[in-house]
Amino acid sequence: MSNEYHAREIEPKWQKQWEQDGIYHAARELPTAKNEAPPRHKRGGIAESAEAIRSAKADKKFYGLIEFPYPSGEGLHVGHPRSYTAIDIVTRKQRMQGKNVLYPMGWDAFGLPTENFAIKHKIKPQDATRKNIANFTRQLKSLGLGFDWSREINTTDPAYYKWTQWMFLQFFKHDLAYKAKTLINWCPSCKIGLANEEAQGGICERCGGTVEKREKEQWMIAITKYADRLLSDLDTVDYLDKIKTQQINWIGKSQGATIDFKIKPTHYSLPTTHSNPIRVFTTRPDTLFGATFLVVSPELAKTWMDAGWKAPRAVSAYIKSALKRTEEDRATTDKEKTGVASGIEAVNPATGKPIPIWIADYVLAGYGTGAIMAVPAHDERDFAFAKKFKLPIVQVVSSPENSSKMTAAFTSEGVNINSDFLDGLATPEAKEKMISWLQKEKHGEPAVTYKLRDWVFSRQRYWGEPIPIINCAKCGYVPVPEKDLPVKLPEVKAYEPTDTGESPLAAIKSWVEVKCPKCGAKAKRETDTMPNWAGSSWYFLRYCDPQNDQTFAAPEKLKYWMPVDLYNGGMEHTTLHLLYSRFWYKFLWDIGAIPKECGAEPYRMRRSHGLILGGGGVKMSKSKGNVINPDDVVAEYGADVFRVYEMFIGPFDQDAPWDTHGIEGVKRFLEKVWRLFSNFHLPSSTFHLPNATETLLHQTIKKVGEDIDSLNFNTAVSALMILANALAESGAEKISRDTAEIFLKLLAPFAPHITEELWRGLGHKETIHLSEWPKFNPKKITAATFELVIQVNGKVRDRISVPSGISAKEAERQALASEKVQGFLAGKKPQKIIYVPGRLVSISV
RNA sequence: GCCCGGGUGGUGGAACUGGUAUACACGCAUGACUUAAAAUCAUGUGCCACACGGCAUGCGGGUUCGAUUCCCGCCCCGGGCACCA
């Protein structure tokens with residue numbers, strides 16, 4: 001074996017060998033006579049019989065998942081391997097512990113960048129995708145990641161999107177997919193409609209441009225019907241807290257009541273169906289006595305006008321201008337509130353008094369009922385509005401200061417005043433009493449609202465799954481019969497987006513014009529395509545059974561593999577992909593497409609990785625010229641150094657800057673490992689590891705194992721470095737074969753190539769990656785002696801070596817006997833002595 | 001504004017459940033090897049001080065024998081949401 005470590009020679013060799021041996025293939029879930037023989041290795045939880053697997057399922061399988069990448073033209077970013085390597089390490093350890101591991105990979109390949117790239121270079125998106133996937137595959141394979149490539153999937157493959165379309169039809173059949181004319185987020189530069197999630201803050205997530213509102217007929221999916229379960233089921237899964245919090249906030253559940261306000265009889269110029277009574281939503285029904293005016297959104301007021309309300313000219317002008325303002329405009333220029341009095345009055349059901357109705361754009365059309373009761377004394381926005389337009393302010397909850405002249409709204413809870421039958425009640429009781437009064441008097445109902453909106457599911461672009469619906473003049477929206485799926489994307493010459501808001505597919509007559517499957521009359525295909533979140537909403541199910549052409553995945557395979565045991569991905573997908581796919585899964589589970597045994601949630605555990613930043617802690621970008629290309633790193637240092645460095649770089653869930661010097665340290669570490677274990681010779685039996693090193697060895701087995709399980713990779717690498725340093729210090733010739741093998745096994749998940757090479761050098765015929773994960777001896781993790789710290793008045797004054805089993809009495813005696821300690825006691829008598837076993841003695845005088 | 005994170009040497013970072021702050025690595029310095037350099041190895045490296053010792057985990061308080069860790073009040077950085085009634 002060479003004296004020097006040459007990553008470039010050994011890495012491709014083993015990658016080829018592993019692929020040939022199929023060591024990363026998940027074993028068959030339910031072997032039958034027809035199935036090919038299981039892979040030839042013995043370990044790895046190979047299925048012996050269907051029964052054995054079924055009974056052992058709970059602790060025998062491990063499904064590790066990373067977010068499958070979008071194969072962009074830029075190739076792999078150094079951020080991708082951080083996540084992939086981390087879960088690679090976890091799954092490798094699981095495999096060595098005897099689990100049947102599924103760690104698959106695929107491609108989320110529909111999407112705008114590819115389409116734009118194809119348009120620019122006048123090639124087909126299909127070809128660009130094929131090329132990008134080939135490049136990504138080469139890069140991933142060069143990193144020695146243990147993916148089961150036999151299960152590779154691709155969302156743009158008709159055999160895959162056939163099922164995406166099938167699932168859409170299930171949504172349609174269960175009335176969860178519907179078409180609605182709504183104001184949508186329209187990005188004028190991308191020429192595409194966006195979901196709310198993609199247009200946060202009025203900014204297009206793709207191009208960063210300003211989003212406009214446009215009215216358009218869109219396919220929508222009623223994710224809001226699942227809002228409550230998406231919220232409450234978070235209690236049943238193990239997600240990072242910040243992920244749960246973000247989802248909870250995004251779903252935004254509010255409990256309160258709807259209250260109906262009748263229009264004052266003198267104002268029946270208002271069309272009755274729309275506006276009488278006016279229904280509002282509030283979380284503070286207890287403040288109803290303080291509601292001094294109503295405010296409706298311009299959008300709602302517009303529907304009144306459309307229905308025939310003859311609004312004063314100033315009012316219609318305000319509505320017109322408010323509706324023109326973009327979302328962003330409305331959000332950022334919020335310093336000064338605008339609004340207009342409608343000239344109409346309603347009656348406060350609690351006080352019986354007339355209150356004016358205002359129209360203002362600080363009330364949102366899409367939340368609650370689009371109208372509010374304004375309680376200026378107890379709501380900041382209403383307060384600002386009332387001040388500006390000199391509207392009455394009536395305090396109904398007493399504040400601690402209880403000033404007669406309020407300078408700000410008092411929004412906390414308190415005790416009711418000026419509220420008739422609510423007077424003297426604390427807020428929670430007042431709420432309850434008011435709600436029951438409203439119900440009794442038929443003025444209102446308890447109600448819950450969510451910030452979550454239905455999912456805008458249409459995209460007016462070419463490179464996506466066609467929505468499998470046919471529009472017939474007579475029958476309406478007719479689903480494409482299942483036997484005709486997939487509705488394949490036609491090959492087109494031009495797929496440039498149009499400014500008309502129609503998909504490029506609309507221009508292909510031969511494709512669009514079809515017969516209605518129901519009545520046979522002339523009809524038209526839906527030309528919108530699905531968003532790129534569609535294919536990724538269920539890909540983890542397809543991995544369980546990727547070749548199946550009868551169904552998206554056989555129930556018994558889903559039963560075996562689901563749920564995903566560990567799912568890692570970026571924080572940026574928390575309110576998008578992660579929420580969508582939970583919803584999608586729940587729906588399929590509800591309709592019985594997924595077996596009940598799989599559980600109501602797709603992911604048992606969800607973790608997130610931090611970003612890899614450029615030097616100085618700024619984001620990597622082409623324009624800054626600080627982009628690190630994984631290919632260059634692999635060429636210079638090899639895959640193992642790259643992997644170990646990315647794990648050592650810092651806490652996995654935090655951002656970390658790439659340090660071109662830092663990687664040198666990891667390189668030195670692996671070179672040290674090579675020097676220790678290459679040219680390995682069996683030590684003479686007279687040599688033994690020093691006791692301290694033996695202890696360290698067992699501590700390291702414990703530490704590395706626990707750290708991998710808890711995703712603390714940086715400290716696991718550190719522990720391995722400490723052990724390597726200790727072994728180097730005691731001398732390579734004193735290392736026993738057992739010790740060498742344990743060390744290599746612990747390092748194997750991190751650095752699979754170098755450890756395989758050294759392992760085989762020890763004479764092994766089988767791969768290290770299916771060898772057995774080492775166990776530590778609990779008796780050996782405690783050292784024979786420890787350093788007892790002695791504190792006087794909280795300050796460390798001495799350290800002495802004492803035996804591990806030392807008694808409290810003896811420890812205190814030795815502590816007091818210390819010369820240094822005596823010096824600090826200066827003859828005074830100790831008042832208090834505390835002994836912390838195995839740590840310290842604290843003396844106070 | 002609200003909700004999450006985070007703030008520790010020159011740098012990335014470590015520290016169990018309140019118990020030796022600064023592990024591991026980078027960088028730097030000195031030395032060995034070399035004609036020289038690189039690589040490697042060895043030693044040192046929080047700050048102040050010759051030393052005894054003192055001071056240090058964003059800032060100010062508190063609890064405790066003992067606080068990076070717990071409590072109260074602030075400051076700064078990153079992320080999410082944002083007129084959500």
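Every chain is numbered from 1, with letters handed out A, B, ... down the list of sequences.
Legend: residues meeting salt bridge (charged side-chain N to carboxylate O under 4.0 Å, His left out) with A:K244, ordered by chain and number and at least two apart, are absent. Every residue two or more places apart in sequence or in another chain that forms a salt bridge (charged side-chain N to carboxylate O under 4.0 Å, His left out) with A:K253 is listed here: A:D228. Take A:K829 and apply the side chain to side chain contact (heavy atoms under 4.5 Å, CB included) test, not counting sequence neighbours, and it matches no residue. For A:D640, the side chain to side chain contact (heavy atoms under 4.5 Å, CB included) partners two or more places apart in sequence, or in a different chain, are A:Y5, A:E11, A:R643, A:L670, A:A751, A:P752, A:H753, A:I754.
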Quick one: which protein N/O atoms are closer than 3.5 Å to N/O atoms of nucleotides 30-33 of chain B? Pair and distance per line, please.
none

Is there any protein nitrogen or oxygen under 3.5 Å from a nitrogen or oxygen in nucleotides 3-13 of chain B, and what are the pairs?
{"from": "B:G12", "atom 1": "O2'", "to": "A:I649", "atom 2": "O", "distance (Å)": "2.8"}

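For the pair A:K451 and A:I843, nearest-nucleotide mapping onto RNA chain B gives the more 5' position to A:I843. With RNA chain B read from its 5' end, the first of the two nearest nucleotides for A:K672 and A:K703 is the one closest to A:K703.
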Can you give me every donor-acceptor pair (side chain of residues 284-292 of chain A, partner residue at least two apart or in another chain, under 3.5 Å) with its distance?
{"from": "A:R284", "atom 1": "NE", "to": "A:D286", "atom 2": "OD1", "distance (Å)": "3.1"}
{"from": "A:R284", "atom 1": "NE", "to": "A:D286", "atom 2": "OD2", "distance (Å)": "3.3"}
{"from": "A:R284", "atom 1": "NH1", "to": "A:T411", "atom 2": "O", "distance (Å)": "3.3"}
{"from": "A:R284", "atom 1": "NH2", "to": "A:D286", "atom 2": "OD2", "distance (Å)": "3.1"}
{"from": "A:T287", "atom 1": "OG1", "to": "A:R284", "atom 2": "O", "distance (Å)": "2.8"}
{"from": "A:T292", "atom 1": "OG1", "to": "A:P392", "atom 2": "O", "distance (Å)": "2.8"}

For residues 654-666 of chain A, dump all side-chain donor-acceptor pairs below 3.5 Å to protein atoms at least two apart in sequence or in another chain.
{"from": "A:D655", "atom 1": "OD1", "to": "A:L611", "atom 2": "N", "distance (Å)": "2.8"}
{"from": "A:D659", "atom 1": "OD1", "to": "A:H661", "atom 2": "N", "distance (Å)": "2.9"}
{"from": "A:D659", "atom 1": "OD1", "to": "A:G662", "atom 2": "N", "distance (Å)": "3.4"}
{"from": "A:E664", "atom 1": "OE2", "to": "A:Y637", "atom 2": "OH", "distance (Å)": "2.9"}

Which pairs would a plain distance check flag for residues 716-725 of chain A, meaning a side-chain donor or acceptor within less than 3.5 Å of a matching protein atom at least two apart in sequence or in another chain?
{"from": "A:N725", "atom 1": "OD1", "to": "A:K672", "atom 2": "NZ", "distance (Å)": "2.6"}
{"from": "A:N725", "atom 1": "ND2", "to": "A:M721", "atom 2": "O", "distance (Å)": "3.4"}

If a protein heavy atom is under 4.0 Å from the base, mark B; if only from the sugar-phosphate, S; if neither, -; do that for nucleotides 16-21 of chain B going 5' to 3'.
B--BBS
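Ring orientation note: the planes of A:H573 and A:H577 are nearly perpendicular, at an angle over 60° on the 30°/60° scale. The aromatic rings of A:F750 and A:F713 lie perpendicular to each other, with more than 60° between the two planes, well past the 30° mark.
Across B:A85, B:G53, B:C26, the shortest atom-to-atom separation from the side chain of A:R668 is found for B:C26. Here B:C26 is the nucleotide among B:G53, B:C26, B:C65 with the atom lying nearest to any side-chain atom of A:H661. Nearest nucleotide to the side chain of A:T282, out of B:U40, B:A85, B:G54: B:A85.
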Dot-bracket for RNA chain B, 5' to 3', with Watson-Crick and G-U pairs under 3.5 Å, [ ] for crossing pairs and | for other-strand pairs: what is it?
(((((((..(((......[....)))((((((.......))))))(((....)))..(((((..]....))))))))))))....
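Remark: side-chain polar atoms of A:S804 are paired, donor with acceptor, to backbone N or O of A:A784 under 3.5 angstrom.
For the P atom pair drawn from B:C55 and B:A37, the interatomic distance equals 45 Å after rounding to whole Å. B:A39 and B:G78 have their P atoms separated by 37 Å, given to the nearest Å. Going from the P atom of B:G66 to that of B:G54 covers 16 Å, rounded to whole Å.
Identified under the salt bridge (Lys or Arg N to Asp or Glu O under 4.0 Å) test for residues 696-707 of chain A, with sequence neighbours left out: A:K702-A:E706, A:K703-A:D707.
The environment of A:E810 atom CD is dense: over 12 non-hydrogen atoms of other residues, nucleotides or ligands sit within 6.0 angstrom.
Base orientation of B:G9: syn (glycosidic angle within 90° of 0).
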